[in-house]
Amino acid sequence: MGKVIIFSAPSGAGKSTIVNHLLGKNLGLEFSVSATSRAPRGKEINGREYYFFSTEEFKKHIEKQEFLEWEEVYPGCFYGTLLREVERIWAQGHTVLFDVDVIGGLNIKKKFGNQALAIFIQPPSIEVLRQRLTGRGTDAPDKIEQRIAKAEYEMTFADQFDTIIVNDRLENAFQEAEQKIRAFLS
Ligand code: ADP
Ligand code: 5GP
């Protein structure tokens, strides 16, 4: 079994920004592409950001027990990690990097124990989170409010993670994440 790094955060906290930065850093990390039943957003490409499945396809993969974990993260929107994705990355000798929601992150941590580093990315405040989601311009106002309501609940799980990084100044968050990952992998 190889190692895994889990990034979880309320939506809009800056997880994708931090994850994309780390993937360019020669740390031997490879992104675990999740499956989702939501529609592609912006410039997302099937097989790169996500495997985009119809709800029916997603449910077939659940029935065949092909997921390490899956969840209905938002009503009607399924997300999950395919077991074959983890096997593929380990077979290449890389460390798996997960970007999953908070409950999914804790479930993966339970499965991998000390082989996993679970990192919670925390926004400086809910108000800043709202500004970032609005500024990103990818979600309709009702979706943004849905994500904020969920964020308040998700923040209550932060201290169950191995470590918390407050994403205030992005440069500091990048550095802190890199340091923690290097220490874990060494
Ligand atoms: P997530 O993946 O957690 O949903 P994103 O990485 O998409 O969040 O970030 C949400 C928005 O906030 C993006 O527009 C991103 O550019 C911006 N952002 C991320 N981190 C910071 C930061 N430290 N300061 C200001 N803006 C940020
Ligand atoms: P988004 O729609 O913004 O890409 O993602 C919404 C939420 O679903 C984020 O919190 C993201 O981390 C989470 N997510 C993405 N993939 C998975 C997955 O495979 N499993 C779980 N549990 N959550 C996921």
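One is the number of the first residue; the rest follow in order along the sequence. Start at 1 and go down the list; that is how both ligands and their atoms are numbered.
When each atom of ligand 2 is checked for a heavy atom of Y74 under 4.0 Å away, the hits are 6 (C). In the vicinity of R38, heavy-atom distances shorter than 4.0 Å reach the ligand 2 atoms 1 (P), 2 (O), 4 (O). Close contacts of ligand 2 with R41, meaning ligand atoms under 4.0 Å from a residue heavy atom, involve 1 (P), 2 (O), 3 (O), 4 (O). Taking every non-hydrogen atom of G104 and a distance limit under 4.0 Å, the qualifying atoms of ligand 2 come out as 22 (N).
Atom 3 (O) of ligand 2 has as its closest protein heavy atom R147 NH1, 3.0 Å. Protein heavy atom closest to atom 7 (C) of ligand 2, with residue, atom name and distance, is V73 CG1, 3.9 Å. The protein non-hydrogen atom at the shortest distance from atom 6 (C) of ligand 2 is Y79 OH, 3.5 Å.
In this structure a side-chain-to-backbone donor-acceptor pair under 3.5 Å is present from E85 to V33. Judged by distance alone, the side chain of D101 and the main-chain N or O of V73 form no donor-acceptor pair under 3.5 Å. Under the 3.5 Å distance criterion, the side-chain polar atoms of K150 are left unmatched by any main-chain donor or acceptor of E154. The backbone N or O of P40 sits nowhere less than 3.5 Å from a side-chain atom of E44 that would complete a donor-acceptor pair. Proximity of a side-chain donor or acceptor of D139 to a complementary backbone N or O of I144 within less than 3.5 Å is not detected.
Here the shortest heavy-atom distance to atom 19 (O) of ligand 2, taken over S8, S16, A9, S34, belongs to S34. Heavy-atom proximity to atom 20 (N) of ligand 2, evaluated over E69, R136, E71, is greatest for E69. The residue from V33, D101, L106, N107 that puts a heavy atom closest to atom 10 (O) of ligand 2 is D101. Between F78, F67, Y50, F7, it is Y50 that holds the heavy atom closest to atom 5 (O) of ligand 2.
Smallest separation of non-hydrogen atoms from Y79 and F58: C-CZ, 3.5 Å. Scanning all heavy atoms of the two residues, the minimum distance from F120 to P10 falls at CZ-CD, 3.8 Å.
Between F53 and Y51, the ring planes lie parallel to each other; the angle is under 30°, not in the 30° to 60° tilted range. The aromatic rings of F67 and H61 sit perpendicular, their planes meeting at an angle over 60°, well past the 30° parallel limit.
Contacts between K15 and ligand 2, counted as non-hydrogen atom pairs separated by less than 4.0 Å, involve the side chain only. Contacts between W70 and ligand 2, counted as non-hydrogen atom pairs separated by less than 4.0 Å, are absent for every part of the residue.
Among the atoms of A35, none of the N or O lies under 3.5 angstrom from an N or O of ligand 2.
Cluster membership for F7 and F98, using ILVMFWY side-chain heavy atoms within less than 4.5 angstrom, is not shared.
Under the side chain to side chain contact (heavy atoms under 4.5 Å, CB included) criterion, N167 pairs with I18, I121, R132, L170, A173, not counting sequence neighbours.
Taking a heavy-atom cut-off of under 4.0 Å, ligand 1 is surrounded by P10, S11, G12, A13, G14, K15, S16, T17, R132, R136, N167, D168, L170.
F157 has its ring centre less than 6.0 Å from the ring centre of Y153.
Shown are R88, K3, E30; of these, the side-chain contact (heavy atoms from CB on, under 4.5 Å) with H94 is made only by E30.
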